[in-house]
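All remarks here apply to the structure that follows.
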2 protein chains.
Amino acid sequence: MSTSSGAHGGSVTMRDVAKAAGVSVATVSHVVNDKAGARIGEDTRLRVQEAVAALGYRPNALAKTLSQGTSRFIGLVTDQVATTPFAGQIIHGAQDEAWKHGYVLLVANTDGNEAVEGDAIAMMLEHQVHGILYSTWYHREIAVPEALHQTDTVLVDCFASESGLPSVVPDEVQGGRTATQELLAAGHRRIAFINTTTPSPAQSGRLAGYRSALEEAGIAFDEALVVPASPEQEGGYDATAAILASGATAVFCHNDRVAMGLYDGLRDQGLRIPDDIAVIGFDNQEVIAAHLRPPLSTVALPHYELGATGVRVLLGMESAPTSGPLLIACPSIRRESV
Amino acid sequence: MSTSSGAHGGSVTMRDVAKAAGVSVATVSHVVNDKAGARIGEDTRLRVQEAVAALGYRPNALAKTLSQGTSRFIGLVTDQVATTPFAGQIIHGAQDEAWKHGYVLLVANTDGNEAVEGDAIAMMLEHQVHGILYSTWYHREIAVPEALHQTDTVLVDCFASESGLPSVVPDEVQGGRTATQELLAAGHRRIAFINTTTPSPAQSGRLAGYRSALEEAGIAFDEALVVPASPEQEGGYDATAAILASGATAVFCHNDRVAMGLYDGLRDQGLRIPDDIAVIGFDNQEVIAAHLRPPLSTVALPHYELGATGVRVLLGMESAPTSGPLLIACPSIRRESV
DNA sequence: CTGAAAGCGCTAACAC
DNA sequence: GTGTTAGCGCTTTCAG
């Protein structure tokens, strides 16, 4: 508190440190950045470090960026990711990975509004982002915003076949297969699948996975076992009758919410899970899955990994196949409903 | 695509525009920023604007910040907010509000790790943030990280009495009162309250609100009606017997998860909601509340508003009382369980 | 009405 | 080993 330096306002610059230590700014720069080939006398180094500490010097990252010409920002623009419950993990993963490599995340939520989206991208470009991660809150195909072509961009949890942009998405097929295999492993042979009525990579992918697991197990696919439902609690509840009628001993639900609805329906019929009928979900929406009675076994959507992998791809440390999206595995989460 | 300008790399600078338009950079700066007192000839202005468009010029926000000495960044450091389901709304609110005033949010999730926290704050300071919003994922008292004193900071969803730092938190008392009033308004007189066993502003605040609503309605407080429970589904489920024994016709649950558990318990007893017993929750955790059967009436935690108000306070457009935190109202969300 | 020039805080050759 | 000197892209007096 001796000098008026420390806190706010007239922040301490490198020049101040140089003056205090009786050296030049170049020298300060060298010791502050631990420059490789910079041979600095032990005494000078110490004097500088003391001055830095004494004055509470803090480098100005913006000035550094300007002179180096290369920024350490990575942009993340999302439609709803920041808002939707579990997908916030995309941000989390991206942030952790970015930090690990010395980058800082600039986040923008657009609420799916194109104008906002344009502004967000512009703002990021003006901040010299190294590149942009463009993500959606559920896996789907998108039309790439024009502005994105002005910088490196990688699509996260979405894709755009024609664009040629690298993309990172969950492996829905493997996920569907995994869910089904869990049921198979528990001894079930007649497995129903409550699929969503909404066309999407999840709808077709999970179904494909379900079929492939069945086939692998030598079980014939039975059209009657896949029952369509709206992808919510209501859908699951309403599907109860059809499930019961199908004679299935286990059911793979398109997502955890559907499973939650089915739980209610099954319960109304006096059926017990997993004794009378086994249930597995998809998404691993914590609030729901972990606390249903009994806790729901499910397959997780790898949001954190999606975000982290996205920045790795952006930074060129990993690359997406030219043929299509980079698929991230959906791991099985075992609880007590199977 | 004519010049090698447009996209990547050698991004177009103001000098390029100046040269193209046959004017000086100063002039370009003036027209680009629509400088107030800058009287520029109509023709010159047009020439510049054309050059800007033709070259795809984009101002370098970092350089601008450097020369102006004032940044447009606001930092948001959180412990888990980015990860936890509903609290992501804090980010959302902060971001929207920041943008509205021309600021950009720098987000950092610390996972509650102090070292990471220190790094995050340092990084923000190095990026010359205008100030920092420090938030937690649930309302509580905190010890303010030393580093925060180096810049303007406002606490969001947390407070530190001794610090003197402005703070914005949900009004737990009003929330508890509101929940109770909803039940009262539906004609109930014997209302139970399943409170959490964890000491916290929520625990004491909601209880105070419950009592005040009762008093206001001329109903004596009955100790036997408040049943303690762990603040989760399990707690709610386990509280069922006590609730039934209490003879209450309605119950106010400490949070939605507890209500979810209670739903299960009540159901096991063959009771119907709200016919046999009314239930109201707290938090408004969408995934749960909106989709329980019947949909759960609850009181919302104003996360979005918390974030938005936080930046308003930081920007000096609103101010917290010196006596304590700025209280944000928790609105009633009516669904079908009352 | 427009341009020249200094300077924001820092880095990066290149001297000494 | 350490200091000098140009910039980085932009804003901002101050001349003309």
Side-chain angles (χ1 to χ4, degrees), chain A residues 5 9-49 51-52 55-73 102 125-130, chain B residues 5 9-49 51-52 55-73 102 125-130:
Chain A
S5 50
S11 64
V12 193
T13 85
M14 202 170 237
R15 245 215 328 261
D16 300 330
V17 177
K19 200 171 303 170
V23 299
S24 75
V25 292
T27 304
V28 177
S29 175
H30 284 149
V31 355
V32 168
N33 298 300
D34 254 331
K35 263 304 176 185
R39 304 143 308 163
I40 304 281
E42 208 32 48
D43 44 333
T44 331
R45 176 186 309 281
L46 248 59
R47 278 217 313 291
V48 173
Q49 287 169 336
V52 165
L55 301 182
Y57 168 71
R58 204 183 278 290
N60 180 325
L62 272 36
K64 173 182 252 178
T65 296
L66 222 210
S67 73
Q68 284 182 155
T70 155
S71 121
R72 307 248 76 185
F73 284 122
L125 258 17
E126 289 177 8
H127 281 83
Q128 318 300 117
V129 291
H130 186 103
Chain B
S5 50
S11 64
V12 192
T13 85
M14 203 170 235
R15 247 221 321 267
D16 299 330
V17 177
K19 198 171 306 170
V23 300
S24 76
V25 291
T27 305
V28 176
S29 176
H30 284 147
V31 354
V32 167
N33 298 302
D34 256 328
K35 264 304 176 187
R39 303 146 307 163
I40 304 281
E42 207 34 47
D43 43 334
T44 330
R45 176 185 306 282
L46 248 60
R47 277 216 315 291
V48 172
Q49 288 170 335
V52 165
L55 300 182
Y57 168 72
R58 203 184 279 290
N60 180 327
L62 272 36
K64 174 182 250 175
T65 295
L66 221 211
S67 73
Q68 286 181 152
T70 157
S71 122
R72 307 251 73 184
F73 284 122
L125 258 19
E126 290 176 8
H127 281 85
Q128 316 300 117
V129 290
H130 186 103

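Reminder, nothing fancy here: chain letters follow the sequence lines and each chain counts from 1.
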Hey, does the side chain of A:Thr44 come within less than 4.0 Å of D:dT2's phosphate (OP1/OP2), counting only N and O? yes
Does D:dG3 have OP1 or OP2 sitting under 4.0 Å from an N or O in the side chain of A:Thr27? yes
Rounded to the Å, how far apart are [X] [atom1] and [N] [atom2]?
X: B:Glu126; N: C:dC8; atom1: CD; atom2: P; value: 20 Å
X: A:Gln128; N: D:dC10; atom1: CD; atom2: P; value: 8 Å
X: B:Leu62; N: D:dG9; atom1: CG; atom2: C1'; value: 10 Å

Base, sugar-phosphate alone, or nothing: which one does B:Val23 contact when heavy atoms must sit under 4.0 Å apart? sugar-phosphate
Taking any heavy-atom pair under 4.0 Å as a contact, classify A:Gly41: base, sugar-phosphate, or nothing. sugar-phosphate
Whether the side chain of A:Arg58 engages the backbone of B:Glu126 through a donor-acceptor N/O pair (distance < 3.5 Å, no angle test) should be reported. no
Between B:Leu66 and B:Gly22, the residue closer to the 5' end of DNA chain C by nearest nucleotide is B:Gly22
Which pair of heavy atoms, one from A:Ala18 and one from A:Val25, lies closest together, and at what distance? CB-N, 3.7 Å
I'd like to check [X] versus [Y] (side-chain heavy atoms, cut-off strictly below 4.5 Å). Are they in contact?
X: A:Thr65; Y: A:Phe73; result: no
X: B:Arg45; Y: B:Asp34; result: yes
X: A:Val48; Y: A:Val52; result: yes
X: B:Val28; Y: B:Val23; result: yes

Strictly under 4.0 angstrom, non-hydrogen atoms only: write out the protein contact profile of nucleotides 10-16 of chain C, one letter per nucleotide from the 5' end, B, S or -. BBB----
